[in-house]
Structures are given as C-alpha cells and as structure tokens.
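Quick notes on the structure that follows.
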Amino acid sequence: DAGITQSPRYKITETGRQVTLMCHQTWSHSYMFWYRQDLGHGLRLIYYSAAADITDKGEVPDGYVVSRSKTENFPLTLESATRSQTSVYFCASSPGKETQYFGPGTRLLVL
Amino acid sequence: QKEVEQNSGPLSVPEGAIASLNCTYSDRGSQSFFWYRQYSGKSPELIMFIYSNGDKEDGRFTAQLNKASQYVSLLIRDSQPSDSATYLCAAHNYGQNFVFGPGTRLSVLP
C-alpha cells in the first residue's frame, strides 16, 4: 500500500540500550522528518532530511542519530536510550518541505 | 525562540454549533499556516492550509489569517461529535522548519 509507515508501532526498552525506529514512504517525497510528541510540548522536530544523504538537526537532536541512504527510508536511532526519550515518535514526509504527511507513530517506553 | 501558541482547552461546543479555534505565532517571517486534526492515539492529519490574508473555505472548515495581528483561526461549522479531537496549528517560514503549537482539544457534545 502507498503511504508512510513506521515500525515498530510500540517498543519497550531499557535505559542504555540502542533503539532504531524505522520510517518508510512510497510517495518518493524529497523531505522526511522525525518529530516527538510529549504532553505540554506538542510536536518537536528532531531531525529532517531534504534528500538522500542530506540530513540536518531540528529543535531537539541530542541523543538521536539519523541516516538516509535511500529516498524512501529514514531511520531514527537512539544510541543509548534514556527515560526522557519516552515519547510518541512521528515520521512525516513532504514533497517540498510543506504539507507534511504523518506516519502512524511509534510509542516508545524507556524503563 | 519561534513560537506558536494555542489555548489548550478543552473547548466544548454543542453539536451543530460553530467551533472557533485560535492560534498566534511569533515569527513575522512565517508565510504559510496549517491546521492538523489529531484524534486520540492517532497521527496528525492535514485539514487545510492558508497562505494569504483573509478567509479560505473548505466544506465545513474555514481558515482565517491575519498577518498583521499574527493570528490564525479555524472555524468548524455544524460541529459534529466526530470533530472531537485535538487541533494543531503550525507555522512555516520558507527555508526553515515547521513550528507546531501544543494543540487545542475540542469536544463536541451531542
């Protein structure tokens, strides 16, 4: 099916572990984004990518790493998970850095 | 720090009434504005966007923009219980990233 998907949808991990959240889109959109959503903070941009092999930091990048070797994939890695990274993570894509379309989200719990 | 502010609500309106959701933004360079609807436990979905001062209508939804006052609003006519959700306002300054507000929770009472 066309669209934007995220995996896993739910993840429980422990402090200090590495976690990778996957994002895949079939629209061939140039831009892809990672946000986290926390109560009281709304959506905050972690990283974004304008094209394959081009990534840039957003508002809250510390503790996260991204890569984009293919246009359709944009994985987000938490190198050493902390409790403060417990959140809902949304991936989004856009044909031109506007009108973003969101994936279903990944709920991450760090114990 | 560029900010988008919204009243967190909840905003409660009776079924059939007009719901009015408001948003202010701090970055005068913002040029496009977006309204997303987010049901509980779901991802945001785009309702509409507006670039020019004035009103833009799409079905039961009307977005209003006043750049001089740095104010954006969303009106929902004939509100339905299915409109109950959190509404996110976002501002975009070309060349920079979206800034989202914290959202306003709308409750439409049958």
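Throughout, a chain's letter reflects where its sequence line sits, starting with A, and its residues are numbered from 1.
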Non-hydrogen atoms of A:Gly103 and B:Ser43 that approach each other most closely: O-CB, 2.8 Å
Assert yes or no for the condition that the ring centre distance of A:Phe102 to B:Tyr36 is strictly below 6.0 Å. yes
Can you establish whether the number of heavy atoms outside [X] located under 6.0 Å from its atom [atom1] is more than 12?
{"X": "B:Arg37", "atom1": "CZ", "result": "yes"}
{"X": "B:Leu109", "atom1": "CG", "result": "yes"}
{"X": "B:Arg60", "atom1": "CZ", "result": "yes"}

Would you kindly confirm whether [X] and [Y] end up in one hydrophobic cluster when ILVMFWY residues are joined by side chain heavy atoms under 4.5 Å apart?
{"X": "B:Leu75", "Y": "B:Tyr51", "result": "no"}
{"X": "A:Tyr35", "Y": "A:Tyr64", "result": "no"}
{"X": "A:Val60", "Y": "A:Leu43", "result": "no"}
{"X": "A:Val88", "Y": "A:Tyr47", "result": "no"}

Say you draw a straight line from [atom1] of [X] to [atom2] of [Y]; how long is it, rounded to the nearest 0.5 Å?
{"X": "B:Phe100", "Y": "A:Gln100", "atom1": "CZ", "atom2": "CD", "result": "5.5 Å"}
{"X": "B:Asn97", "Y": "A:Tyr31", "atom1": "CG", "atom2": "OH", "result": "9.0 Å"}
{"X": "B:Phe98", "Y": "A:Phe33", "atom1": "CZ", "atom2": "CZ", "result": "6.5 Å"}

For residues 71-78 of chain A, give me every residue with a non-hydrogen atom less than 4.5 Å from any non-hydrogen atom of chain B. none
How would you list, in number order, the residues of residues 104-111 of chain A that have a heavy atom less than 4.5 Å from chain B? A:Pro104, A:Arg107
If a pair satisfies disulfide bond (SG atoms under 2.5 Å apart) and one of its residues is in residues 74-110 of chain B, list it, with sequence neighbours excluded. B:Cys23-B:Cys89
Under 4.5 Å to a heavy atom of chain A? For B:Gln38 that would be side chain
Need one label for A:Leu45: side chain, backbone, both or neither, based on atoms under 4.5 Å from any heavy atom in chain B. side chain
Apart from B:Met48 itself, members of its ILVMFWY cluster (side-chain separation under 4.5 Å) are B:Val4, B:Leu11, B:Val13, B:Leu21, B:Tyr25, B:Phe33, B:Trp35, B:Ile47, B:Ile50, B:Phe61, B:Leu65, B:Val72, B:Leu74, B:Ile76, B:Tyr87, B:Val99, B:Leu106, B:Val108
